[in-house]
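Here the structure comes first, spelled out in C-alpha cells, and everything after it is commentary.
Counting from 1, the numbers follow the sequence of the chain as shown.
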Amino acid sequence: MIIAISGNPGSGKSTVAKKLAKKLGWPRFYMGKIRRLKAKAMDLTLAEYNKLGEKNPVTDVEVDNYLKKIAKQHKNCILESRTAWHFFPKSIKIFIDVNEKIGAERVLAELKKHNKRNEDKKLSTLKAVLISHRQRKQSDNKRYKKYYNLKIFNKNNYDFILNTTNLNKKQVFEKIYGYLKNRLKKIDKIN
C-alpha cells in the first residue's frame, strides 16, 4: 500500500512521514529533499528551482518519473510528494494543513536551528518565510496545473485531511496513525 502525503509548508509532513515509516517499517521517499538537492546541484535555491520549473517541465517531470519508478519497486511505502496522490490513485492520500503563519513560524524555528533546507534566500524573519511560502505555493499551483492539469492543494483530492495548527507532534502522529490503522485493516479484509 502506498501512503501519499502532501500538505502545506510547515504543517509537519516530514515529521509524521518519518514516524510512520519507523512505526510501519516501510521505506519513506521525500520528493522535497530530492528537489532541493537537484536545485543545489544547479547552485539554485528551491524557490529558484521552482521558478525555473514554471518554464521548463524537466524540474518536475524528472522527479515525478523517479517517484513513479521507486513506488513500483516497493509494495508498501510512504511518499511525500505533491503529486503522489495523482500518480497512485489507489494510495491512501493524506493532506496535512496548517495556518500559514504557524507553518511559517515552525519553518523559521527549524531554519534557526540548522539551515540545511535550501529553501530560499534571506529567510531570517517570519515575514520573509511567509512571503516565500506563498510564492512557493503559487509556483507549485502554476506548474502542476500547466504540466498535469492538477489542482494540488484542492482538498477533495485526499482521503484524510488533518489541520495541525493547534496540535503537537504526538497528537498529529496519533490522529494520522489511527486513521491509517483503520484503513489498512479494511484493505486487509478486502484482499
Side-chain angles (χ1 to χ4, degrees), residues 1-42 46 49-50 53 57-98 110 116-119 136-137 140-141 143-145 147-162 164 169-191:
M1 173 54 55
I2 293 173
I3 299 170
I5 299 177
S6 186
N8 285 312
S11 61
K13 300 177 302 293
S14 295
T15 300
V16 79
K18 286 177 202 172
K19 287 183 174 188
L20 286 172
K22 185 175 180 180
K23 179 79 171 176
L24 297 170
W26 294 4
R28 167 188 166 251
F29 300 98
Y30 175 33
M31 297 306 108
K33 180 178 181 181
I34 293 167
R35 291 183 59 74
R36 284 176 176 85
L37 290 172
K38 290 198 169 286
K40 193 172 187 174
M42 296 175 73
L46 178 63
Y49 191 68
N50 287 345
V58 75
T59 66
D60 289 293
V61 173
E62 183 178 46
V63 174
D64 289 333
N65 285 340
Y66 173 73
L67 171 75
K68 293 179 214 174
K69 179 182 170 187
I70 58 172
K72 287 179 183 175
Q73 296 171 354
H74 298 274
K75 181 180 176 187
N76 298 313
C77 64
I78 297 167
L79 302 176
E80 273 184 82
S81 161
R82 296 272 190 251
T83 55
W85 63 269
H86 169 72
F87 293 121
F88 305 99
K90 293 183 180 180
S91 64
I92 298 174
K93 299 170 267 310
I94 297 172
F95 187 89
I96 305 177
D97 202 0
V98 69
E110 186 69 22
K116 296 180 182 179
R117 292 174 59 105
N118 192 32
E119 264 325 283
R136 179 175 163 193
K137 285 182 69 175
D140 287 350
N141 275 323
R143 294 187 336 271
Y144 294 119
K145 178 71 175 159
Y147 301 130
Y148 299 121
N149 197 30
L150 299 178
K151 293 181 180 178
I152 57 166
F153 292 102
N154 181 340
K155 294 175 186 153
N156 292 327
N157 297 322
Y158 300 91
D159 302 314
F160 184 74
I161 300 159
L162 181 65
T164 65
K169 292 176 186 179
K170 183 179 179 188
Q171 291 168 321
V172 171
F173 177 77
E174 287 172 354
K175 288 184 182 293
I176 292 176
Y177 184 68
Y179 171 77
L180 288 172
K181 267 181 28 180
N182 289 334
R183 280 292 304 270
L184 292 171
K185 282 180 191 173
K186 289 176 185 175
I187 290 167
D188 285 342
K189 286 179 185 177
I190 294 169
N191 293 333

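- Side-chain contact between Leu79 and Ile3 is absent, with no heavy-atom pair separated by less than 4.5 Å.
- By the 4.5 Å heavy-atom criterion applied to side chains, Phe88 and Leu67 are counted as neighbours.
- Using cut-offs of 30° and 60° on the angle between ring planes, the pair His86 and Tyr148 is tilted.
- The main-chain N or O of Asn154 is found under 3.5 Å from a side-chain atom of Asn157 such that the two form a donor-acceptor pair.
- Checking side-chain atoms of Asn50 against main-chain N and O of Arg136 turns up no donor-acceptor pair under 3.5 Å.
- Across every non-hydrogen atom of Lys13 and Ile96, the tightest pair is CA-CD1, 3.9 Å.
- Residues Ile152 and Trp85 share a closest heavy-atom pair of CA-CZ2, 4.2 Å.
- Evaluation of the side-chain hydrogen bond (donor to acceptor under 3.5 Å, both in side chains) rule for Lys137 yields Asn8 as partners, not counting sequence neighbours.
- Arg183 places no side-chain N or O within donor-acceptor distance of the main-chain N or O of Tyr179, the cut-off being under 3.5 Å.
- Between the side chain of Arg35 and the backbone N or O of Thr59 there is at least one donor-acceptor pair closer than 3.5 Å.
- At least one donor-acceptor pair closer than 3.5 Å links the side chain of Thr164 to the backbone N or O of Asp97.
- Counting non-hydrogen atoms of other residues, nucleotides and ligands closer than 6.0 Å to NZ of Lys68 gives a total above 12.
- Classification of the Phe95-Tyr158 ring pair by plane angle, with boundaries at 30° and 60°, yields tilted.
- Within the 4.5 Å cutoff, side-chain heavy atoms of Lys169 are placed close to those of Lys19.
- Listed for the Asp159 side chain is a donor-acceptor partner under 3.5 Å among the backbone atoms of Lys93.
- Here Arg82 does not pair with Asp60 in a salt bridge; the nearest charged N to carboxylate O distance is not below 4.0 Å.
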